[in-house]
Amino acid sequence: LPISYGGLSKKDYFSKTWVEIGDVAAKNGNFKVAIEDYQKALSYNPKMAEAYFKMGRAYDSLGNHEAALSAFQSAASYVNRKKDSRDYYNANYEIGVEYQQLNRYDQALVAFQILLEPQADAKAVADGRSGLAVTWNSMGIAEKGRQDYQKAISDYRKALEYDARSAATYFNLGLVYGIQIGRAHV
């Protein structure tokens, strides 16, 4: 009898299976093992955006931001922007976050701005208002990192237009105001 792969090709079956095995390892905090499993998935399907994305998360959990950035960039390049718009948003958002982790704030801003372009359809892919709030808050963090406090304040205020109850945004806004007050008294 022929082996059945649940309607999937053998390649897709094994790549999805290795991703699921990697997910278990990651859930248990075994990020190095998870990365190995995601790499095995990619050996069956080298264009599997999901495996790259999850590998990026595992690398991030280990503090390896360069490797995480590379994995998220691969995920973004292989995801179907129209069909899987949420995955496209998530991969590009994580690219911005990794650039921030690496103190590469200008590049972080470029990544976040992609999500705000009209063709990105950010409202559809980012849970509407809350996703836009998170994106603007992240842009404020990048501007703060660049020490452009006026732009950071502007970005945080824009985030609050989309989610007026965001404690994280109010906290970040307070930090920037505190920095400005501290500079005024020096």
Side-chain angles (χ1 to χ4, degrees), residues 19 26 38 42 47-181 183:
V19 165
Y38 299 138
L42 292 167
K47 295 182 178 183
M48 187 179 196
E50 178 185 11
Y52 281 112
F53 184 82
K54 291 180 175 186
M55 189 165 51
R57 287 262 170 98
Y59 277 125
D60 181 74
S61 294
L62 292 172
N64 187 340
H65 300 294
E66 286 289 350
L69 175 62
S70 178
F72 289 131
Q73 288 171 327
S74 293
S77 72
Y78 291 122
V79 73
N80 181 326
R81 185 175 184 167
K82 296 289 185 199
K83 182 179 168 205
D84 302 312
S85 56
R86 177 180 296 284
D87 293 341
Y88 179 80
Y89 173 89
N90 289 339
N92 279 288
Y93 179 80
E94 294 297 339
I95 289 168
V97 170
E98 292 306 325
Y99 277 131
Q100 284 180 332
Q101 293 290 333
L102 295 165
N103 298 324
R104 292 159 57 183
Y105 300 111
D106 290 335
Q107 290 168 298
L109 286 168
V110 170
F112 294 133
Q113 287 167 347
I114 287 171
L115 303 175
L116 298 174
E117 293 173 356
Q119 65 270 24
D121 195 17
K123 288 186 180 188
V125 300
D127 297 328
R129 298 182 71 79
S130 66
L132 289 168
V134 168
T135 302
W136 280 106
N137 183 57
S138 296
M139 288 182 64
I141 293 169
E143 293 292 6
K144 178 181 167 277
R146 293 176 67 232
Q147 298 183 355
D148 190 334
Y149 302 119
Q150 287 307 111
K151 282 188 180 177
I153 289 169
S154 175
D155 290 345
Y156 293 140
R157 286 181 176 162
K158 188 75 171 174
L160 291 170
E161 289 176 24
Y162 291 103
D163 183 0
R165 298 184 299 173
S166 171
T169 302
Y170 281 112
F171 177 81
N172 290 332
L173 186 58
L175 286 176
V176 173
Y177 283 139
I179 291 168
Q180 285 188 319
I181 291 170
R183 287 178 179 246

Exam field: side chain [X] to backbone [Y], donor-acceptor pair closer than 3.5 Å:
X: Tyr170; Y: Ala164; result: yes
X: Asn137; Y: Ala133; result: no
X: Ser70; Y: Ala67; result: no
X: Asn92; Y: Tyr88; result: yes
X: Ser138; Y: Val134; result: yes

Gln180 side chain to Gln150 side chain, donor-acceptor N/O pair below 3.5 angstrom: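 Per modelled atom types, Gln180 and Gln150 side chains form a pair under 3.5 Å.
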Asn103 versus Tyr105, side-chain donor and acceptor atoms under 3.5 Å: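 Present: a donor and an acceptor within the cut-off.
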Rounded distance (nearest 0.5 Å) linking atom CD of Gln101 with atom NE2 of His65: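 The CD atom of Gln101 sits 4.0 Å away from the NE2 atom of His65.
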For Tyr177, all residues meeting side-chain hydrogen bond (donor to acceptor under 3.5 Å, both in side chains), sequence neighbours excluded: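 side-chain hydrogen bond (donor to acceptor under 3.5 Å, both in side chains) check on Tyr177 returns Arg157.
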With Lys54 via side-chain hydrogen bond (donor to acceptor under 3.5 Å, both in side chains) - residues at least two apart: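 Counting only residues at least two positions away or on another chain, Lys54 forms a side-chain hydrogen bond (donor to acceptor under 3.5 Å, both in side chains) with Asp23, Glu50.
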Heavy-atom side-chain contact between Phe53 and Asp87 under 4.5 Å: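 No. Closest side-chain heavy atoms not under 4.5 Å.
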Parallel, tilted or perpendicular, as decided by the 30° and 60° cut-offs, for the rings of Tyr93 and Phe112: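 The rings of Phe112 and Tyr93 sit tilted, inter-plane angle from 30° to 60°.
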Side chain to side chain contact (heavy atoms under 4.5 Å, CB included) assessment of Gln107 paired with Leu102: CA-CA 10 Å; Gln107 290 168 298; Leu102 295 165; over 6 Å; no
